[in-house]
Each structure stands twice: as C-alpha cells, then as structure tokens.
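Values in this document were obtained by computation on a predicted structure and should not be read as measured data.
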Amino acid sequence: MNIRTVKEGDYLYVVDTQSDLAHSPLSVFFDQHGSLLKNAERKGGRGDALIFKAGSKKVVMRHYRRGGLAGHLLKDRFFLIEPHAHRAFDEFRLLRYMVKEGLPVPSPLIAREKKCGCALIQDILIEALDAEDLAHILRKRALSQIEMLRLGGMIKAFFEHGIEHTDLNIRNILLDDHGNFYLIDFDKCFLSYPDMQRRSEIVSRLHRSFLKEKNKYADAIHYKDEDFALIQGRALS
C-alpha cells in the first residue's frame, strides 16, 4: 500500500494511492453538509463516526474528539506540544502496518489534519467492515466456546505483532457472519511490544467491559462471566 501527502485548502492529507478515492477532491469525504454525507449513518462513541457510501466502498469517517474533562473544555483541539498530537496520521500509519502484517483491521483510506493556531483538528476515513460489535451480538446470542478461544487467539496475535490497544472493549471488537473477528478504533494505540504484565492489564480491561455491559443490561446480555477464562487463557498463553 503506497501513500502520498496532499495539501488541499487548509488541510494536510495522507491518502492511500491505490484507493479509487485518491483521485477525488479529498474534502468531499469529510464535508458533513455535502451531498455525500447527508444520508450518513451516525455511530455512537466519543468521536463523530459517520458511515456512508463513497464510490464502490462503504466507509467510516471519524472526527477526533478529546475524552474526559479536557473534552468538555477543548472538544476536538489537540495541542502540537502534546505527545502523539497527530492522532489521525498516527492511526493511519499504524493501520497500514497491521494490514501489511495480515491482522484483522479495517484498511485506512485518508487521514487529514488542520492547524488552528497551536492546535490540530483531525479526521480519518477508513474501510467499513460488514460486521457487528460484540455488544450487539451478545444481546442476540452468547459466544460459543470456540468463538471465545478464537477471540483470545486474535488478541494474542496483536500482542505478538507488538500492538498495544489502549481501549480494548467489546464495542471495539467486531464479528461477521462468517465467524471472523476484527479489532477497530486505534486512536492512541501504539507499536510497543507490551510485556506480559501490560498484556494482562489490557485483557483485564476487556473483562471489565464485559462485566459493565452485563451489569447495565442484566438478563438482556447472553454472557456468563466464568467463560471469560477461555478468552483470557488463549490471549495470554
């Protein structure tokens, strides 16, 4: 996958040159008032995630927003002096690496940033996957033991390729109709080769997200906590 850098208006873009979207005016894929996005499906979460059709592709456009108290004050501004200020470009490059390594992630298409004084505002456009997150799936059915083992194996594969996912939770894990798992949302994620202690912390975070969903929806979620040992054991083996 080749990339190029493009300056268009106030924005600096990085784009996958092998995508058929690379030859369009790039700003149209981010214009929430334009005809392309007017019927977009909005997804929840901290960022503004919009799903829409662009050419032959179904894509997701995500606007980067801050979380926590800083999010209430600064909203979508990331200061240049902050570590990892270039969120969109960092995620774009990390996704490229993972696609090259054969990991189950969406392909990055375009990322952009604009300087606003000493801060940046940013967006990314990625491939949309034909799959549902685990939060939705667990409302319909339980995962089988084989699926739990396969999920643990997927998490282990990311660890072995050096990926530290800093927000591993059931809404960032997708499963399609063919039994394939995917991992998404790599904002603030790194190539860091986490040690066993860090891997255990990441898997514990995932465990808490299962429990949080179970506590929130009680009998509406098909999940037995004793089954998480299958995921944990495989991921940390």
Side-chain angles (χ1 to χ4, degrees), residues 39-52 58-72 75-76 91 95 103-106 124 126-159 163-189 194 198-237:
N39 295 318
E41 175 189 354
R42 186 174 295 275
K43 298 283 284 185
R46 183 168 69 240
D48 292 333
L50 300 173
I51 302 176
F52 59 98
K58 192 175 182 182
V59 299
V60 179
M61 191 280 283
R62 194 173 79 246
H63 183 66
Y64 287 76
R65 293 190 182 277
R66 308 186 72 109
L69 178 60
H72 293 288
K75 301 187 185 303
D76 59 356
E91 185 170 356
L95 284 169
L103 292 170
V105 298
I124 193 168
I126 62 174
E127 166 194 20
L129 299 172
D130 188 14
E132 289 187 297
D133 69 51
L134 291 190
H136 285 88
I137 288 172
L138 291 173
R139 294 185 196 183
K140 296 184 290 187
R141 67 173 181 86
L143 295 181
S144 69
Q145 291 189 342
I146 294 296
E147 287 174 326
M148 290 182 180
L149 289 169
R150 291 181 59 246
L151 172 55
M154 181 194 74
I155 295 168
K156 180 180 179 179
F158 279 91
F159 289 152
I163 306 300
E164 179 175 346
H165 198 298
T166 56
D167 188 23
L168 187 64
N169 65 71
I170 63 174
R171 296 180 185 276
N172 288 336
I173 297 172
L174 309 185
L175 178 62
D176 69 16
D177 291 339
H178 305 288
N180 300 308
F181 285 98
Y182 301 89
L183 193 53
I184 62 169
D185 196 358
F186 289 87
D187 180 23
K188 290 200 304 179
C189 297
R198 181 58 183 147
R199 294 183 186 193
S200 181
E201 291 170 355
I202 292 169
V203 173
S204 293
R205 184 183 184 93
L206 175 60
H207 186 202
R208 291 194 297 273
S209 78
F210 273 94
L211 294 176
K212 181 179 179 180
E213 203 73 13
K214 179 66 174 177
N215 291 335
K216 184 176 181 180
Y217 293 104
D219 294 336
I221 293 294
H222 300 274
Y223 170 71
K224 293 185 296 182
D225 193 47
E226 56 265 30
D227 291 336
F228 189 81
L230 294 170
I231 300 172
Q232 184 178 43
R234 187 74 182 93
L236 300 179
S237 62

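Of all the heavy atoms in Leu174 and Ala131, the pair that sits closest is CB-CB, 3.8 Å. Counting all heavy atoms, side chain and backbone alike, Arg171 lies closest to Ala135 at NH1-CB, 3.6 Å. Contact record, Tyr223 with Leu211: CE2-CD2, 4.4 Å, taken as the closest heavy-atom pair. Looking at every heavy atom in both residues, Asn172 comes nearest to Asp167 through ND2-O, 2.8 Å. Closest of all the heavy-atom pairs between Ile231 and Met148 is CG1-O, 3.5 Å.
Here Ile173 contributes atom CD1 and Tyr182 contributes atom OH; the two are 14.0 Å apart, rounded to the nearest 0.5 Å. Separation of atoms CD (Gln232) and CZ (Arg199) is listed at 14.0 Å; rounding is to 0.5 Å. Asn169 CG to Asp185 CG: the interatomic distance, rounded to the nearest 0.5 Å, is 8.0 Å. A distance of 10.5 Å separates NE2 in His222 from NZ in Lys140, rounded to the nearest 0.5 Å. Atom CZ of residue Phe159 and atom CG of residue Leu236 lie 6.5 Å apart, to the nearest 0.5 angstrom. The CD1 atom of Ile170 lies 10.0 Å from the NE2 atom of His136; values are rounded to the nearest 0.5 Å.
Considering only heavy atoms from C-beta on, Ile126 stays 4.5 Å or farther from Ile184 through its side chain. Side-chain contact between Phe158 and Pro194: absent, with no pair of heavy atoms (C-beta onward) separated by less than 4.5 Å. With contacts defined as side-chain heavy-atom distances shorter than 4.5 Å, the pair Leu138/Phe210 qualifies. A heavy-atom distance below 4.5 Å is not found between the side chains of Tyr64 and Asp76.
Lys214 contributes a side-chain N or O that, together with a main-chain N or O of Ile221, makes up a donor-acceptor pair within less than 3.5 Å. Between the Asn180 side chain and the Asp176 main chain, no donor and acceptor come within less than 3.5 Å of each other. Glu91 places a side-chain N or O within donor-acceptor distance of the main-chain N or O of Phe186, the cut-off being under 3.5 Å. Looking at Arg62, its side chain never comes within 3.5 Å of a backbone N or O of Ile124 through a donor-acceptor pair. In this structure, Arg139 contributes its side chain and Tyr217 its backbone to no donor-acceptor pair below 3.5 Å.
At most 12 heavy atoms of other shown residues, nucleotides or ligands fall within 6.0 angstrom of atom CG in Asp177. Within 6.0 Å of CG on Asp130 lie no more than 12 heavy atoms contributed by other residues, nucleotides or ligands.
For Thr166, the side chain to side chain contact (heavy atoms under 4.5 Å, CB included) partners two or more places apart in sequence, or in a different chain, are Glu164, Lys188, Cys189, Phe190, Arg198.
Screening Leu151, Leu129, Leu134 for a side chain to side chain contact (heavy atoms under 4.5 Å, CB included) with Leu175, the sole residue that qualifies is Leu134.
Under 3.5 Å, the side chains of His207 and Asp225 contain a donor-acceptor pair of N or O atoms.
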